[in-house]
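Worksheet: one structure, shown below.
Numbers restart at 1 for each chain; the letters A, B, ... are given by sequence-line order, proteins then strands. Just so you know, these numbers use all the heavy atoms, side chains as well, and skip hydrogens, waters and symmetry mates. All values derive from a computational prediction rather than experimental measurement.
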Protein chains: 4
Amino acid sequence: MARTVNEEKRLERRKRILEEAVILFAENGYSNTTTALIAKNIGVTSGTIFQYFPNKEALFHAAVLEPLEDIQKKSLALLQQNGTPAELLKNMVKDQFDHIYFYTNELRLVQSVLGQRIRFPELTQKVLDSIKVMTDKIESVYAEGQSMREFNPGFSPAMISRSYISFLNGVALTLGEDIVHHPEWENLKAHAYYLFAPVQHSKN
Amino acid sequence: MARTVNEEKRLERRKRILEEAVILFAENGYSNTTTALIAKNIGVTSGTIFQYFPNKEALFHAAVLEPLEDIQKKSLALLQQNGTPAELLKNMVKDQFDHIYFYTNELRLVQSVLGQRIRFPELTQKVLDSIKVMTDKIESVYAEGQSMREFNPGFSPAMISRSYISFLNGVALTLGEDIVHHPEWENLKAHAYYLFAPVQHSKN
Amino acid sequence: MARTVNEEKRLERRKRILEEAVILFAENGYSNTTTALIAKNIGVTSGTIFQYFPNKEALFHAAVLEPLEDIQKKSLALLQQNGTPAELLKNMVKDQFDHIYFYTNELRLVQSVLGQRIRFPELTQKVLDSIKVMTDKIESVYAEGQSMREFNPGFSPAMISRSYISFLNGVALTLGEDIVHHPEWENLKAHAYYLFAPVQHSKN
Amino acid sequence: MARTVNEEKRLERRKRILEEAVILFAENGYSNTTTALIAKNIGVTSGTIFQYFPNKEALFHAAVLEPLEDIQKKSLALLQQNGTPAELLKNMVKDQFDHIYFYTNELRLVQSVLGQRIRFPELTQKVLDSIKVMTDKIESVYAEGQSMREFNPGFSPAMISRSYISFLNGVALTLGEDIVHHPEWENLKAHAYYLFAPVQHSKN
DNA sequence: TATGAATGAGTTTTCATTCAT
DNA sequence: CATGAATGAAAACTCATTCAT
C-alpha cells in the first residue's frame, strides 16, 4: 500500500512532465525545447526529468504518442456506439472539431513529426500506424453507410477517410487562436462533414 | 559585362544553396539541419554559406518564402487566365495536386513554420500573409462562380477557400512517397475540387 | 545551512575564474584570451565558465570592475582615516605605489578598457565613473590641505587629482617586472607625491 | 621613370592603408579590427591589403612603429635645437601636449601594445626600445640642465625622464575628447613641465 | 529520489589568407 | 596589380546527460 502511494506520486509527476513537454515541444519544436526548461516550468530541477524518461527523445516519443492514443481511443469509442453510420460519423466530426482547439498542441506535435520523417523514422511509423487504425475504422463505418444509402456510393471509402483526416490536420495546422471564435467556424465544421458526401434526403 | 558573369555565378550558387536547404530543412527540421551539412552536400565548405546568407535563420527564411512565392505566383497566374470561374478553379486544383509531390518539401517547410509560430513569429506572419493573398484570390473567383451559378450559392466563399487550403496542406502533410502513385490518388484530387461544391448541371 | 555550503563553493569557484580571467585578459587582451584557456588554467572544462558568467563579455566586465572597486574602496578608506590631508595623501600614494606591482594586471585591464572605448562603451563609462569617485575624493582632501597651507595654493585641485591619477596609470602602463626592484623605484614613488606640490616647511 | 610613378602610387596606397589601420586598431583593438574593414574604409577590396603587407600582424607592427618613429623623430629634433636645456624641454613638453590630441590614436596604439606584452613580445620590445631612445635623450638634456642649475639637482635624471613619459602616457590614456578644451587643460600642461622640477628663479 | 554542478561534444559564425581571373 | 569568392581553422556558447551528495 505504501508502495502504491509512491507509485501514484511517480505517475502524477510523470504526467506533469508530459503535459509540459507537449506544450513546449508543440510551441517551440523539439530542438528548441530544452529539458531544463521543461523541468523549470514544472518546478523541478534538470536532473529529475531523467528519473522519469531515459532521455529527451523518449520523452518526445511519449509526448507525441500518448495523447494521440487518448484522442484515438475517444474517437474510436464514438464510432462504436449505437446509431447509423451517418449519425456516428457526424458525431465524430462534431466531437473532433469541437475539441480541435483543445488538442491543438497534440495535433501540432503529430504534424511536426510527420514533417520530420527522416529524423524520427520509428516515431513517424508509429504515428502513421496510429492514424491508420483511425482511417480503417472510418473506412468501414463509411462503407456501411454507403450500403445503407446514407452516403454517396460513388466515392471510395479509403479515399474519403484519408480526405477527412487530411482536412482535419490541415485545419489544425492553419488554425489560429482567432479562428475557432470566428463566425465562419461553424460553417467550416459543417464542411468537414460535407467531405463525406452525405446524401441529403430532404434538405432541398 | 564581366560583372554580369560574376553576378550570374553568385545567383546560381545562391540557388543551389537554397535548393539544398529546402530539402534538408524539410526532411530534418530547422535545428537538426546543420549549415555544415548543407554546405557539404553541395560541395562547398562551411564558410561559403555565410557569403550568401548572413546567418542560418536568414537562409531558413529564404528557403521558406522564396519557393512559396514562386508557387503562389504560378497559381495566381492560373486564376488570371481566360475561362469561367469553375474552369479556372478546376485548373488550379489540378495543377496544384499534380505538382504536390514536386513541391512536397516546400509545402512541408511552410507547415513546419506554422507548427512553430512562437519560435518564428515574423516568418509565420509572412507565410500567413502570403497564404492570405492566395485565399483572397480564390475567394473572389469563387464568389464570381457562385453568381454565375457554377457553385452552390449556399457556402461562404471565405470558408470555402480556407477549406481548400487546409485540405491541400493536410494532404501534403500526410502525403507519403507511395500515395501519388496510389490508385486512389486520382480520386483524392477529384475530391479536392468537390470541396468547392460545384453544381453538376448535366454531368450525369 | 546546506545551502550555505553550496553557495560558498560557488563563490569560491567564481572567484577562481575571475582571478584567472584578470591575469589572462591583462596579459593577452580580451579577444586573444579564450574562455577555454581560462577554464583549462583553473582545471575545469569549457562549459563551466558559462555556469558562472552568462557570456565572455560579462566575465570581462566583472574582471575589470570588481577588482577596481576593491582597490578604490581600499584607497578611499585610507583617505577617511585620521590625519592631516598631507598625511592622508602621502599615505595613499605610498600604499598605491607599494601595491602597484601587485595590482598591475588589474590596472592594465582598466587601461585596456580605456584604450578601447568604442568597443566597450558601457564598461568604459563605469570605469570612468569609478575613477571619478576617486578623483573627487582626492580633490576634496587636497583642497582642504591647501586651506591648511600644506599644499601650494596656486594649483587647481581638479587638475592635481587628475594629474596624479594619470601619473599612476602611466607608471603602471610602462611598468616592467624589473622596475619595482630598480634603485630608481623609491625616487619615482616620491615623485608621485611631489606632483601634489607639497609645501616643504622645514624639511631641510 | 615610369617605375617611379608606380612606386609613388604604391607608397601612397600603403600610406592610406596605414592611416586607416591606425585609426581602427586604436579605436577597436587589434582583434576587433578586421582587415576587410580597413580595406572597405579606404575603398579597396579585401585582398589588396595583402599586396602591401604580408599579413595582419605585420600591418599592425607598421601601424604601431612607423608613427611612433615619426613622433620620436620630431621630439628628438626639438631637443637638438639651440637653447638652454630648460628651454628645450619646455618646448618639447609644449609641443607634445599641444599635439597630444592629434596623436591620440598613435599613442593609444602604443599603449595597447604595452598592455599585451605577452601577446606581442617583439613588438613590445621595439616599442620599449623606441621609448628608451627618447628617455635617454631627455635624461641627458635634463642632466645638462641640472648642471646649469636650471633644474633641481636633487632628482635623478633617469627617474625624471621616466616620470615624464609615464605622465604623458597616463594623460593620453585618460584623455577624453572633452579634456583638451577643458579650462583645466592649460594647467595640466604646465604641470607636466613642473614634473621636471625646474628652479624658479624670479617667478615670485 | 531529487538535486544541480560539471561535462564536452556539437553548432554557428567569423575572418585572415589564398588564388584564379 | 586588384579583385572577391572560397577556404577552414578557431572560438563562443548550448545543452543533454551524468553523478556525487
Worksheet item: Quick one: C/I49 CD1 to F/dA12 P, roughly how many Å, whole number?
Response: 10 Å
Discussion item. Any carboxylate oxygen within less than 4.0 angstrom of a Lys/Arg side-chain nitrogen, looking at A/E7 and A/R10?
Written reply: no
Discussion item. Testing the basics here: between C/I42 and C/I17, what is the closest heavy-atom pair and its distance to 0.1 Å?
Written reply: CD1-CG1, 3.4 Å
Worksheet item: How does each nucleotide of nucleotides 6-12 of chain E score, in 5' to 3' order, for protein heavy atoms under 4.0 Å: base (B), sugar-phosphate only (S), or none (-)?
Response: BBBB-SS
Discussion item. From CZ of C/F25 over to C1' of F/dA12, roughly how many Å is that when rounded to an integer?
Written reply: 12 Å
Practice prompt. Would you kindly give the CZ-to-P distance between B/R14 and F/dA5, to the nearest whole Å?
Written response: 14 Å
Practice prompt. Go through DNA chain E and write down every stem, that is, every run of at least three consecutive Watson-Crick or G-U wobble pairs with distances under 3.5 Å, as range with range.
Written response: E:2-21 with F:2-21
Worksheet item: Can B/R119 and B/E57 be counted as an ion pair, charged N to O under 4.0 angstrom?
Response: no
Practice prompt. Of all the heavy-atom pairs spanning A/P67 and A/E106, show the shortest one and how long it is.
Written response: CB-CG, 3.3 Å
Item to complete: Nearest whole angstrom, please: distance from the C1' of E/dA16 to the CG of D/L37.
Response: 14 Å
Worksheet item: Can we say A/R14 and A/E19 salt-bridge, meaning some charged N sits less than 4.0 Å from an Asp/Glu carboxylate O?
Response: no
Fill in: Geometric cation-pi criterion D/K56 and D/F50, 6.0 Å radius, 45° cone
no
Practice prompt. Report yes or no: does A/T124 contribute a side-chain atom to a donor-acceptor pair with the main-chain N or O of A/F120 at less than 3.5 Å?
Written response: yes
Item to complete: Could you tell me whether a side-chain N or O of A/T33 sits under 3.5 Å from a main-chain N or O of A/L24, the two making a donor and an acceptor?
Response: yes
Worksheet entry | Expected output: side-chain D/R108 to main-chain D/N105 donor-acceptor under 3.5 Å | no
Worksheet item: Which whole-number value in Å describes the distance from D/E8 CD to F/dC1 P?
Response: 13 Å
Worksheet entry | Protein-nucleotide distance (B/E7, atom CD; F/dA5, atom C1'), rounded to Å | 13 Å
Practice prompt. Take atom CD of D/E57 and atom C1' of E/dC15, then tell me their distance rounded to the nearest Å.
Written response: 15 Å
Discussion item. Can you measure A/F53 atom CZ to F/dC15 atom P for me and round it to whole angstrom units?
Written reply: 20 Å
